[in-house]
Amino acid sequence: MVVESGGEKSDPTHCFRRLTEYSCWANEAWIDFIERTLPSDEFLVKRMSHILLGEDAWFRRMAGAAVDPDVWSVLTFEQMRKRLAQHCDVYESLLRGDLTRPIDYTRFTGETYRSPISDILVHLSHHGAHHRAQMATHISAQGVTPINTDFIQYCLVNRL
């Protein structure tokens, strides 16, 4: 059976919307999977927490607020779900704004930079995918089959 992907739309935010919705979908799938399958695996819980805490840091930078540098602390599953819901709302709000707006920020290394919101959204999508791949590799080494949260899987499952 062949199922075609939806392709590009005329809305200039289409690709960014797809990336942010994908990130929310994949993060939710991993939170559910970890809680159901390996809830005490520190590697998994710490990386899933880090994905969300990293998003928090960037959202705070974009809002001009102080950033908590402790992006490797561990969240409970309830805290993860609450943050995920908030993040999906923040993404939606950002997509209604100017994605070319530059953000001045200081990295945790002390270096200062300026990046447009669009680049930050791409970074967040890739950052999450990177750590979800680490989690998949980690559980595969334990003989556990990871869930498929590839971007194309998101598109196929959601018939996009």
Side-chain heavy atoms nearer than 4.5 Å, only ILVMFWY residues, links allowed to pass through others: does that put [X] and [Y] together?
X    : Y    : value
V67  : L124 : no
M135 : V71  : yes
I34  : L84  : yes

Rounded to the nearest 0.5 Å, what separation is found between the [atom1] atom of [X] and the [atom2] atom of [Y]?
X    : Y    : atom1 : atom2 : answer
L19  : C24  : CG    : SG    : 11.0 Å
W25  : W30  : CH2   : CH2   : 11.0 Å
H131 : H138 : NE2   : NE2   : 14.5 Å
R18  : C155 : CZ    : SG    : 4.5 Å
S93  : M62  : OG    : CE    : 10.0 Å
I120 : S125 : CD1   : OG    : 14.0 Å

Can you find a pair of side-chain heavy atoms, one from [X] and one from [Y], that are under 4.5 Å apart?
X    : Y    : result
I51  : H87  : no
V122 : H126 : yes
L53  : W72  : no
P116 : P102 : no
V90  : L94  : yes
Y154 : N158 : yes
N148 : V157 : no
T100 : I117 : no

For E35, salt bridge (charged side-chain N to carboxylate O under 4.0 Å, His left out) partners two or more places apart
R81
To check you understand the geometry: which heavy-atom pair defines the closest contact between [X] and [Y], and what is its length?
X    : Y    : value
A29  : T149 : CB-CG2, 3.8 Å
L75  : V45  : O-CG1, 3.8 Å
P146 : F33  : CA-CZ, 4.5 Å
L95  : L121 : CD2-CD1, 4.2 Å

With sequence neighbours left out, the residues meeting side chain to side chain donor-acceptor pair (under 3.5 Å) with T37 are none
Who are the side chain to side chain donor-acceptor pair (under 3.5 Å) partners of T76, not counting sequence neighbours?
Q79
Which residues share a side-chain contact (heavy atoms from CB on, under 4.5 Å) with T109, sequence neighbours left out
R107, E111
Tell me yes or no: between the side chains of H50 and H127, is some donor less than 3.5 Å from an acceptor?
yes
Under a 4.0 Å N-O cut-off, is there an ion pair linking E78 with K82?
no
Got more than 12 heavy atoms from elsewhere within 6.0 Å of CD, Q142?
yes
For atom NE2 of H123, decide whether the heavy atoms of other residues, nucleotides or ligands shown that lie under 6.0 angstrom number more than 12.
yes
Passes side-chain contact (heavy atoms from CB on, under 4.5 Å), T106 versus Y113? Steps please.
CA-CA 6 Å; T106 302; Y113 293 95; over 6 Å; no
Please work out whether the ring planes of Y105 and W58 are parallel, tilted or perpendicular, with thresholds of 30° and 60°.
perpendicular
Working note: Y91 + F59, criterion ring pair (Phe, Tyr, Trp, His ring centres under 6.0 Å); need CA distance, chi angles, decisive distance, verdict.
CA-CA 9 Å; Y91 280 131; F59 294 153; 5.1 Å; yes
Any salt bridge (charged side-chain N to carboxylate O under 4.0 Å, His left out) involving residues 43-71? Give me the pairs, sequence neighbours left out, ordered by first then second residue.
D56-R83
All pairs passing salt bridge (charged side-chain N to carboxylate O under 4.0 Å, His left out) where residues 113-135 contributes a residue, at least two apart
D104-R114
Is the side chain of D41 donor-acceptor paired with the backbone N or O of L44 at a distance under 3.5 Å, no angle test?
yes
